[in-house]
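Inspection log for the structure reproduced underneath, given as structure tokens.
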Amino acid sequence: MSEFKEFSLLESIIDRVSLKGYKQPTPIQKECIPALINGNDLLGIAQTGTGKTAAFSLPIINNLGRNKIDINAKSTRSLILTPTRELASQIMQNIDDYADGLGLKTKVVYGGVGRQNQVDSIALGLDILVATPGRLLDLIKTGDINFKALEVFVLDEADTMLDMGFFKDVQRIISKLPKNRQTLLFSATMPAEIEILADAILTDPTKIQITAETVTIDLINQSVYHLEKSNKVPLLLNILKQPDYEKVLIFCKTKPGADIIVQALEAASITAASLHSGKTQAVREEALQNFKDSNLSVLVATDVAARGIDVDNITLVINYNLPEDPRNYIHRIGRTARAGKSGMAISFAVENDITLLHSIEKSIGQGIPVVTDQPFHKTFSAAPKKAKKKVKKRNRR
Ligand code: AMP
């Protein structure tokens, strides 16, 4: 029986969660869900990948779904503020899945797309609004949204908001919210600014810290291969020809990219499958199970799909594309060298990746050795001037 049943969640939510294939709650869900159903404020020190979206959204959906009311026009009963469009749509997608059948009104708003459709949805009144800061402020300024009916506020990825320069916008938004509300703050790290904010906006919060998995970086033999983009597949095949790799996890940037790599591997008689959000949960689970059972030697995944992957004995991680967020590098390579074992991590870098590669090296506090003794090695000139300037600017913020 699903352990989700032990929470006092609406039956339909428990059904939706089982349909998603969740068998038991993650540690953050175990701690968050009862506290949030109770109406407590919450400080969650946790990063994406821990199951935090369900941890906060299941109780919100539950509480709003149990107590349905007529919502004021241009108002929302709950607000989830998150830094990027991708996170916003991902959260909305999850919420719509979990809340299916409950008749709650939900909407996601972010910039870079037309606003009229967003204004029209908010005009009818919402139960749940997921938003990025810029577009929300814009909607506040034009009087298209008010927070008179707000019951719950979630500030997601607070430290990323700070890193991306959205902190002032976030503070402006918070100043418009009613004081009497339930507030949840999630952050992967707690820089001083976030601590001060947490003190100011949370009342007697439940505190939950899910420590990031400890990656023993010293046990991972890291290297980087400089090459032309067109040589990535040949280099990959060349590396995988060596017999010592039992289980290889390859990270790439896009879903089509993952499928193309799988095709190339299969053409070379290497058993492989892709794992990405374009596949159904059932197909993803099957691929993962086959990989775990060693029926597949290679799994090709995108960052989003690979979150939470916990497979023993991965001997090699390959970054076919470098992670766009340097913090994901350690998370990716930490898939090998688990439980005190050693492992290898190989990254492919094309000339345009050099600035990103330097940020990754900075984030792990060490250089990654370049393998020059390989058939596709390319010598790069110094990093392009434009990219250098960008890094300086970001560091100043
Ligand atoms: P998040 O940290 O919210 O981004 O979630 C990371 C991934 O874990 C998402 O793909 C979720 O669908 C998945 N997930 C969340 N909760 C569970 C659970 N209890 N069991 C299995 N997968 C889960």
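Just so we're clear, the structure is a prediction, and the values are computed from it rather than from any experiment.
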- Knowing that exactly one of Asn319, Asp353, Asn321 qualifies, which makes a side chain to side chain donor-acceptor pair (under 3.5 Å) with Ser347? Asn319
- Message: Ile145 vs Lys74, test: side chain to side chain contact (heavy atoms under 4.5 Å, CB included). Steps then yes/no.
- Response: CA-CA 5 Å; Ile145 183 161; Lys74 295 192 183 183; 5.6 Å; no
- ring-ring contact (aromatic ring centres under 6.0 Å, His included) filter on Tyr225, not counting sequence neighbours, yields none
- Query: Are Asn94 and Lys20 close enough that a side-chain donor and a side-chain acceptor fall under 3.5 Å?
  - Reply: yes
- Under 3.5 Å, side chain of Thr315 to main-chain N/O of Glu246, donor-acceptor pair present? yes
- Closest heavy-atom contact between Ser294 and Lys247? OG-CE, 3.2 Å
- Are Leu81 and Asp156 side-chain neighbours, meaning at least one heavy-atom pair lies under 4.5 Å? no
- Ionic contact status for Glu324 with Lys253, cut-off 4.0 Å: yes
- Across all chains, not counting sequence neighbours, the salt bridge (charged side-chain N to carboxylate O under 4.0 Å, His left out) partners of Lys168 are none
- Task: For the residue pair Thr206 and Cys32, establish whether any side-chain heavy-atom pair is separated by less than 4.5 Å.
- Result: no
- Message: I'd like to check the ring-ring contact (aromatic ring centres under 6.0 Å, His included) partners of Phe56; sequence neighbours left out, ordered by chain and number.
- Response: Phe186
- Query: For the atom pair CG (Leu235) and CZ (Phe376), what is the distance rounded to the nearest 0.5 Å?
  - Reply: 6.5 Å
- Query: Does any non-hydrogen side-chain atom of Ile239 lie less than 4.5 Å from one of Ile346?
  - Reply: yes
- Do you see a donor-acceptor pair shorter than 3.5 Å between the side chains of Gln90 and Thr82? no
Please list every donor-acceptor pair under 3.5 Å in which a side-chain atom of residues 101-113 meets a protein atom from a residue at least two apart or in another chain.
unit_1, atom_1, unit_2, atom_2, d
Lys105, NZ, Leu124, O, 3.1
Thr106, OG1, Asp96, OD1, 2.8
Lys107, NZ, Asn117, OD1, 2.6

- Task: Using atom types as modelled and distance alone, determine if a side-chain donor or acceptor of Asn38 lies under 3.5 Å from a backbone N or O of Asn40.
- Result: no
- Query: Going by atom types only, do Tyr329 and Gln222 share a side-chain donor-acceptor pair under 3.5 Å?
  - Reply: yes
- Message: Run the side chain to side chain contact (heavy atoms under 4.5 Å, CB included) test on Thr76 and Ile71 for me, step by step, so that the C-alpha distance in whole Å, both residues' side-chain angles and the decisive distance to 0.1 Å come before the verdict.
- Response: CA-CA 7 Å; Thr76 182; Ile71 311 155; over 6 Å; no
- Note on the structure: ring-ring contact (aromatic ring centres under 6.0 Å, His included) filter on Tyr320, not counting sequence neighbours, yields Phe348
- Check whether any side-chain N or O of Ser359 sits under 3.5 Å from a backbone N or O of Pro326 as a donor-acceptor pair, and report yes or no. no
- Message: I'd like to know if the side chain of Gln29 and the backbone of Thr26 have a donor-acceptor N/O pair within less than 3.5 Å.
- Response: yes
- Task: Would you check if Cys252 and Val300 make a side-chain contact, meaning some heavy-atom pair closer than 4.5 Å?
- Result: yes
- Message: By the salt bridge (charged side-chain N to carboxylate O under 4.0 Å, His left out) test, which pairs, at least two apart or in different chains, include something from residues 191-209?
- Response: none
- When rounded to the nearest 0.5 angstrom, what distance separates CD1 in Ile333 from CE in Met344? 11.5 Å
- Item | Leu58 side, atom CG; Ile13 side, atom CD1 - distance, nearest 0.5 Å | 6.5 Å
- Run the numbers on Thr84 and Glu157 for side chain to side chain donor-acceptor pair (under 3.5 Å), then give the verdict. CA-CA 10 Å; Thr84 67; Glu157 305 250 343; over 6 Å; no
- Message: Per the side-chain hydrogen bond (donor to acceptor under 3.5 Å, both in side chains) rule, what does the pair list look like for residues 180-190, sequence neighbours excluded?
- Response: Asp159-Ser187, Asp159-Thr189, Arg181-Thr183
- Sequence neighbours excluded, every pair satisfying ring pair (Phe, Tyr, Trp, His ring centres under 6.0 Å) that has a member inside residues 61-109: none
- Task: Could you list the residues that satisfy salt bridge (charged side-chain N to carboxylate O under 4.0 Å, His left out) with Asp169, not counting sequence neighbours?
- Result: Arg172
- Query: Does some side-chain heavy atom of Leu64 sit less than 4.5 Å from a side-chain heavy atom of Ser78?
  - Reply: yes
- Taking atom CG of Leu177 and atom NZ of Lys179, what is their separation to the nearest 0.5 Å? 8.0 Å
- Message: Let me confirm one number: the OG1-CD1 distance from Thr336 to Ile314, rounded to the nearest 0.5 Å.
- Response: 7.0 Å
- When you check the gap from the basic side-chain N to the acidic O, do Lys5 and Glu11 get nearer than 4.0 Å? yes
- Note on the structure: With sequence neighbours left out, the residues meeting salt bridge (charged side-chain N to carboxylate O under 4.0 Å, His left out) with Arg115 are Asp138, Asp144
- Is it possible for you to say whether Leu236 and Val350 belong to one hydrophobic cluster, with membership spreading through side-chain heavy-atom contacts below 4.5 Å? no
- Evaluate the side chain to side chain contact (heavy atoms under 4.5 Å, CB included) criterion for residues Leu249 and Leu316: first the C-alpha distance (whole Å), next the side-chain angles of each, then the deciding distance (0.1 Å), finally the verdict. CA-CA 6 Å; Leu249 179 60; Leu316 170 64; over 6 Å; no
- Message: Pair Val233, Ile260 - check side chain to side chain contact (heavy atoms under 4.5 Å, CB included), show working.
- Response: CA-CA 10 Å; Val233 168; Ile260 290 169; 5.6 Å; no
- Would you tell me whether Asp97 and Gln93 have side-chain atoms, one donor and one acceptor, within less than 3.5 Å of each other? yes
- Item | pair Phe167-Leu197: side-chain heavy atoms closer than 4.5 Å | yes
- Using atom types as modelled and distance alone, determine if a side-chain donor or acceptor of Glu228 lies under 3.5 Å from a backbone N or O of Ser230. no
- Task: Measure up the His226 and Phe380 rings against each other and bin them: parallel (under 30°), tilted (30 to 60°), perpendicular (over 60°).
- Result: parallel
- Message: Taking Val371 as the starting point, is it possible to reach Ile318 by hopping between hydrophobic residues whose side chains are less than 4.5 Å apart?
- Response: yes
- Item | Value rounded to 0.5 Å, distance of CE in Met161 from CD in Gln171 | 11.5 Å
- What's the shortest heavy-atom distance between Ile95 and Ser57, and which atoms? CG1-CB, 3.6 Å
- Message: Is there a continuous path of hydrophobic side-chain contacts, each under 4.5 Å between heavy atoms, that joins Leu237 to Val262?
- Response: yes
- Item | Student check: side-chain heavy atoms of Leu43 and Met190 closer than 4.5 Å | yes
- Is a side-chain donor or acceptor of Ser75 paired with a backbone partner of Asn72 at a separation under 3.5 angstrom? no
- Message: Quick test of your reading: applying ring pair (Phe, Tyr, Trp, His ring centres under 6.0 Å), list the pairs with at least one residue in residues 125-155, sequence neighbours left out, ordered by first then second residue.
- Response: none
- Message: Within the structure provided, determine whether Leu299 and Ile250 are in side-chain contact (heavy-atom separation under 4.5 Å).
- Response: no
- Item | Sequence-distant partners of Asp100, salt bridge (charged side-chain N to carboxylate O under 4.0 Å, His left out), two or more places apart | Arg16
